[in-house]
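For reference, the structure discussed in these notes is given below.
FYI, side chains are in, hydrogens and waters are out, and symmetry mates aren't considered; it's all heavy atoms of this structure. Here the structure is a predicted model, which means the values were calculated and not measured. Throughout, a chain's letter reflects where its sequence line sits, starting with A, and its residues are numbered from 1.
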Protein chains: 2
Amino acid sequence: MRAPDVTSGGDPARTLALLWREPSTAARRGPQRGLNLDAVIEAATAVTDTEGLTGLTMRRVAQELRVSPMTLYTYVPGKAELLDVMLDAAYARMSRTDTTGQPWRVRLTAVAEENRALFTTHPWTATVSTLRPPLGPGAIAKYEHELTALDGLGLDDVEMDDCLTLLLSFVQANARVAADAHATARLTTVTDEQWWAAAGPLLARVLDPAAYPLASRVGSAAGAAHGSAHDPAHAYEFGLRRLLDGLATLIERATPAASGNS
Amino acid sequence: MRAPDVTSGGDPARTLALLWREPSTAARRGPQRGLNLDAVIEAATAVTDTEGLTGLTMRRVAQELRVSPMTLYTYVPGKAELLDVMLDAAYARMSRTDTTGQPWRVRLTAVAEENRALFTTHPWTATVSTLRPPLGPGAIAKYEHELTALDGLGLDDVEMDDCLTLLLSFVQANARVAADAHATARLTTVTDEQWWAAAGPLLARVLDPAAYPLASRVGSAAGAAHGSAHDPAHAYEFGLRRLLDGLATLIERATPAASGNS
DNA sequence: TCTATACGCTGTACAATGTACAGCGTACGA
DNA sequence: TCGTACGCTGTACATTGTACAGCGTATAGA
């Protein structure tokens with residue numbers, strides 16, 4: 001199969017059974033199982049945390065569990081489904097701050113921070129597609145928790161989903177850049193700073209500042225402000241502030257009373 | 001090399017020479033070249049447009065050009081560099097609307113639309129990392145053009161870059177979802193609607209609405225509103241409006257006079 | 001004009017990946 | 001007690017990027 005960075009092209013029923021740990025119907029015959037799904041998830045997650053998504057191979061996980069590669073297929077239908085359950089497990093383990101009664105900005109900031117923490121702990125979660133999210137207990141609990149931060153603000157159901165989608169999409173896009181930086185550094189041994197340090201002078205030789213005045217001025221100003229050309233931490237602070245300002249006009253129209261609404 | 005979806009781990013000098021079409025220094029000896037870089041770029045882009053990033057293989061491009069796979073390496077150092085020049089060429093071909101004198105919201109909306117058009121024409125451009133952008137003529141011209149939309153609004157250089165980064169990051173994140181949907185459909189033959197149609201009832205069986213009241217209510221409301229669980233077009237409209245609202249508080253603080261500043 | 005050399009192009013080869021398949025042995029239901 | 005379902009494994013294959021060496025060509029220098 002190609003490009004299994006996305007939920008199974010396989011049977012949704014099989015995947016859901018896996019996610020919700022539905023016990024197999026028939027009585028077990030044959031040898032005892034030497035492992036269980038959670039052990040596989042744990043090993044795979046450990047590998048991917050330290051070696052990145054490209055380091056996640058069936059052979060590598062099997063080696064970690066001191067088992068032959070094909071053994072994994074008794075616990076999981078394939079690599080795509082393994083990623084599904086890994087992701088749901090990561091969601092399940094996220095910390096969920098209770099911000100009831102606090103102003104909505106505080107509540108949404110907490111949601112953003114919780115996801116940011118996820119992407120920091122497990123950088124690979126930022127780079128997998130969430131087009132077809134793993135519909136397991138972890139993802140559902142996460143969704144429920146995050147929706148409560150948007151509850152009681154006078155938004156209708158669709159708007160609640162819209163706001164949450166926008167917020168999470170921002171945090172993920174931001175984290176993806178950081179994750180890419182990590183992955184690239186691991187694969188090429190040339191760090192981002194080194195790359196820009198090498199490319200900068202070369203670019204200056206071919207780039208005519210008269211032809212591209214704004215690009216050269218703003219580009220070098222931005223490059224000087226943060227160390228590199230892109231500073232994810234700065235972009236996060238800036239973006240989150242703008243985004244909350246943007247949501248404010250929607251939320252405070254829905255609840256004219258309060259910028260400090262609970 | 002693994003994961004070459006990102007700019008060359010190779011020599012930045014070589015890549016820049018390629019991007020700016022620097023002529024080789026020495027006099028050419030030996031047979032005439034049967035192709036040129038632009039022909040390779042064109043063929044590779046055509047393949048990737050129709051078959052996705054996973055369809056972009058050196059063998060496939062070579063076949064398109066009626067040439068043996070290894071021949072490509074006379075025109076390009078490797079696949080990563082090929083992607084670089086493909087991306088820069090796509091940037092170079094983007095349409096750039098002149099919106100001088102128009103209100104800033106119109107100008108920024110035009111920038112967003114131009115990028116959206118790029119991601120529609122070449123979906124793969126939405127899924128490659130822009131951590132280390134191809135520093136070629138296309139990318140520079142694009143950057144210069146987009147900065148002019150933010151010029152004269154009273155923002156300092158770093159703020160201009162911040163705003164542009166945020167806007168482009170939003171449009172790309174949105175397009176990436178659509179691109180993923182396309183790619184997934186091509187690889188699995190089960191469309192998004194079919195997948196949700198299969199997963200929905202199965203999920204209803206394991207999901208307790210009492211335990212997750214908001215998730216089930218809002219989830220089904222959102223699912224009903226758009227056809228699927230995620231509607232990129234709707235998310236784009238919603239997100240862009242919020243984002244511009246968010247930038248407004250920054251821009252109109254910088255230029256207190258005008259919400260219709262030129 | 002002759003010739004050596006740089007260069008375009010190609011076939012072969014290798015390592016890495018996911019996983020299909022068949023065989024071997026085990027422990028439980030009958 | 002015995003047959004069978006199932007856990008586990010080794011082998012094998014298709015697909016990828018690309019290193020390497022060989023072959024032939026057209027030009028620079030004689």
Side-chain angles (χ1 to χ4, degrees), chain A residues 1-11 14 23-37 39-40 43-44 47-48 51-84 86 187-188, chain B residues 1-11 14 23-37 39-40 43-44 47-48 51-84 86 187-188:
Chain A
M1 188 193 313
R2 291 136 110 202
D5 290 0
V6 79
T7 288
S8 160
D11 186 9
R14 179 91 169 80
S24 62
T25 55
R28 291 244 149 273
R29 228 185 300 197
Q32 306 272 354
R33 318 197 74 166
L35 300 169
N36 55 63
L37 179 55
V40 175
V47 166
T48 316
E51 301 174 33
L53 254 191
T54 65
L56 175 64
T57 68
M58 300 304 267
R59 285 169 173 84
R60 183 76 185 74
V61 175
Q63 170 192 336
E64 205 72 11
L65 293 167
R66 301 169 180 289
V67 129
S68 111
M70 288 310 292
T71 300
L72 299 181
Y73 289 89
T74 22
Y75 297 91
V76 141
K79 194 185 179 184
E81 289 83 357
L82 175 56
L83 254 178
D84 277 345
M86 286 169 63
L187 292 175
T188 65
Chain B
M1 186 194 316
R2 290 136 110 203
D5 290 0
V6 79
T7 288
S8 159
D11 186 11
R14 179 93 170 81
S24 62
T25 55
R28 292 243 148 274
R29 227 183 306 195
Q32 307 274 353
R33 316 197 76 167
L35 301 169
N36 55 62
L37 179 55
V40 175
V47 166
T48 316
E51 301 175 32
L53 255 191
T54 66
L56 175 64
T57 69
M58 301 304 269
R59 285 170 174 84
R60 183 76 184 73
V61 176
Q63 172 192 334
E64 206 71 12
L65 293 167
R66 301 171 180 288
V67 130
S68 112
M70 289 310 293
T71 300
L72 299 181
Y73 289 89
T74 8
Y75 296 91
V76 140
K79 194 186 179 184
E81 289 83 357
L82 175 55
L83 253 177
D84 277 345
M86 286 169 63
L187 291 176
T188 66

Q: Provide, to the nearest angstrom, the distance between the CG atom belonging to B/Asn36 and the C1' atom belonging to C/dG8.
A: 14 Å
Q) OH of B/Tyr73 versus P of C/dG11: gap in Å, rounded? A) 15 Å
(Q) Can you build the contact string for nucleotides 20-30 of chain D? Use B for base contact, S for sugar-phosphate-only contact, and - for no protein heavy atom under 4.0 Å. (A) B---BBBBS--
Q. Separation of B/Lys79 atom NZ from D/dT16 atom P, in whole Å?
A. 9 Å
Q.
Looking only at the side chain of A/Thr57 (C-beta and beyond, no hydrogens), which of the listed nucleotides C/dC9, C/dG18, D/dG7 gets closest?
A. C/dG18
Q) Can you name the residues that form a side chain to side chain donor-acceptor pair (under 3.5 Å) with B/Arg60, not counting sequence neighbours? A) B/Glu51, B/Glu64
Q: Taking all heavy atoms of A/Leu56 and all of A/Val47, pick out the closest pair and write down the distance.
A: CA-CG1, 4.4 Å
Q: Looking only at side-chain atoms of A/Thr71, point me to the closest of D/dT18, D/dC8, D/dA12.
A: D/dC8
Q) Considering all heavy atoms of both residues, which atom of B/Val61 and which atom of B/Ala43 are nearest to each other, and what is their separation? A) CG1-CB, 4.3 Å
(Q) The criterion is side chain to side chain contact (heavy atoms under 4.5 Å, CB included); which residues satisfy it with B/Pro69, sequence neighbours excluded? (A) B/Arg59, B/Ala62
Q.
So, using side chain to side chain contact (heavy atoms under 4.5 Å, CB included) as the criterion, who are the partners of B/Pro77 when residues are at least two apart?
A. B/Arg14, B/Leu18, B/Glu81
Q | side-chain hydrogen bond (donor to acceptor under 3.5 Å, both in side chains) contacts in which one or both residues fall within residues 65-75 of chain B, not counting sequence neighbours | A | none
Q. Can you find a side chain N or O atom of B/Tyr75 that sits less than 4.0 Å from OP1 or OP2 on C/dC9?
A. yes
(Q) What is the distance, to the nearest angstrom, from the CG atom on A/Leu83 to the P atom on C/dG18? (A) 11 Å
Q: Figure out the CG/C1' separation between A/Leu53 and C/dG18, and round it to whole Å.
A: 15 Å
(Q) Considering every strand and a 4.0 Å limit on heavy-atom distances, what is the contact class for A/Leu56: base, sugar-phosphate, or nothing? (A) sugar-phosphate
Q.
With side-chain contact (heavy atoms from CB on, under 4.5 Å) as the criterion, how do B/Leu83 and B/Thr48 come out once you've worked through the C-alpha distance, each side chain's angles and the decisive distance to 0.1 Å?
A. CA-CA 10 Å; B/Leu83 253 177; B/Thr48 316; over 6 Å; no
Q. Of all of residues 60-69 of chain B, which get a heavy atom below 4.0 angstrom from DNA chain D, listed by number?
A. none
Q. Taking atom P of C/dA13 as reference, at what distance in whole Å does atom CE of B/Met58 sit?
A. 21 Å
(Q) Ignoring hydrogens, what is the shortest heavy-atom contact between B/Ala44 and B/Leu82? Give both atom names and the distance. (A) CB-CD2, 4.1 Å
Q.
Side chain of A/Arg33 only, heavy atoms from C-beta on: which candidate in C/dG18, D/dG7, D/dT18 is closest?
A. D/dG7
